[in-house]
Amino acid sequence: MVKKKTCIFISGKGSNLKNLIYHSRDNSFPIKVSLVICNNRRAYGIAYAKKYKIPYILINTKLNNYENKILFNLKKYKISFICLAGYMKIISEKIIKNFKGKIINIHPSLLPKFKGLNTFARILKNNESKTGCTVHYVSEKLDSGNMIIQKKFFIGSKDNEKDLKFKTQKLEYRAFPEAIIKIFRNY
Ligand code: GRF
């Protein structure tokens, strides 16, 4: 099987990046993590790129031409698939057009509920009985592309934001790889 050369976009901790690197070392997993793009030079996730000798590019989103730098590197590394894993910037239309149907994102709620930021606080405030995570295709509209996989759990009566984050991320580490396998199963 020829693995898809994949770029993971991150901004922070990078625990999903670490998990995808771990899975991609399996021969039967459809992707190879070939590039990491990060918009935050203090992101802990960069350590995983270094540790596993994966090329990484730091992007300064304050510069006008940063989108071109992203596109240039995606081409340079022959990237054909993109995973957004905690990337805290909106992906531009230009990139979406160049990679139509080839960009996926993981979001910490049961979309279409709780799009955007501060999900856990809003979920608790709304007295939801369950929550979870969603892997979906990226479209021009924020957190609105077609859903690939969703995983849920019931919220405990004493759960706080930290508990929700912990439980959600535990599910994310299963959902992201499963979504990727699902996408490429029929290729
Ligand atoms: C994840 O929980 C994901 O749902 C959200 O950002 C978080 C990133 O976490 N989009 P990490 O950087 O992968 O640890």
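Remember, it's 1-based here, ligands and their atoms both numbered in the order they're listed. What's counted below: heavy atoms across the whole structure, side chains too, no hydrogens, waters or symmetry copies. The shown structure was predicted, so the numbers you read here are calculated from the model rather than taken from an experiment.
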Worksheet item: What residue and atom, counting heavy atoms only, is the protein's closest point to atom 3 (C) of ligand 1, and at what distance?
Response: E172 OE2, 3.4 Å
Discussion item. Hydrophobic clustering (ILVMFWY, side-chain heavy atoms < 4.5 Å, transitive) - are F9 and I57 grouped together?
Written reply: yes
Discussion item. Any non-hydrogen side-chain atom of F81 less than 4.5 Å from a side-chain atom of I183?
Written reply: yes
Worksheet item: Which is closest to atom 8 (C) of ligand 1 in terms of heavy atoms, G86, G12, G14, A43?
Response: G86
Item to complete: For K69 and N73, run side chain to side chain contact (heavy atoms under 4.5 Å, CB included): C-alpha distance rounded to whole Å, both residues' side-chain angles, the deciding distance at 0.1 Å, then the answer.
Response: CA-CA 6 Å; K69 185 172 174 185; N73 281 290; 3.8 Å; yes
Worksheet item: Looking at E178 and K151, what are the two nearest heavy atoms and their distance?
Response: OE1-NZ, 3.0 Å
Item to complete: Output yes when the distance from some N or O of ligand 1 to some N or O of N105 is under 3.5 Å, and no in every other case.
Response: no
Worksheet item: So, is Y173 polar-close to ligand 1, with some N/O to N/O distance under 3.5 Å?
Response: no
Worksheet entry | Pairwise side-chain contact, L17 with Y44, heavy-atom cut-off 4.5 Å (strictly under) | no
Worksheet item: Does a donor on one side chain and an acceptor on the other come within less than 3.5 Å for K89 and S11?
Response: no
Worksheet, complete the sentence: The protein heavy atom nearest to atom 14 (O) of ligand 1 is S15 OG, 2.5 Å
Worksheet item: What part of K165, side chain, backbone, both or neither, has a heavy atom within less than 4.0 angstrom of ligand 1?
Response: neither
Worksheet entry | Distance from atom 7 (C) of ligand 1 to nearest protein heavy atom, with residue and atom | Q169 NE2, 3.8 Å
Worksheet entry | Identity of the nearest option to atom 10 (N) of ligand 1, non-hydrogen atoms only, from N16, I8, L117, I106 | I106
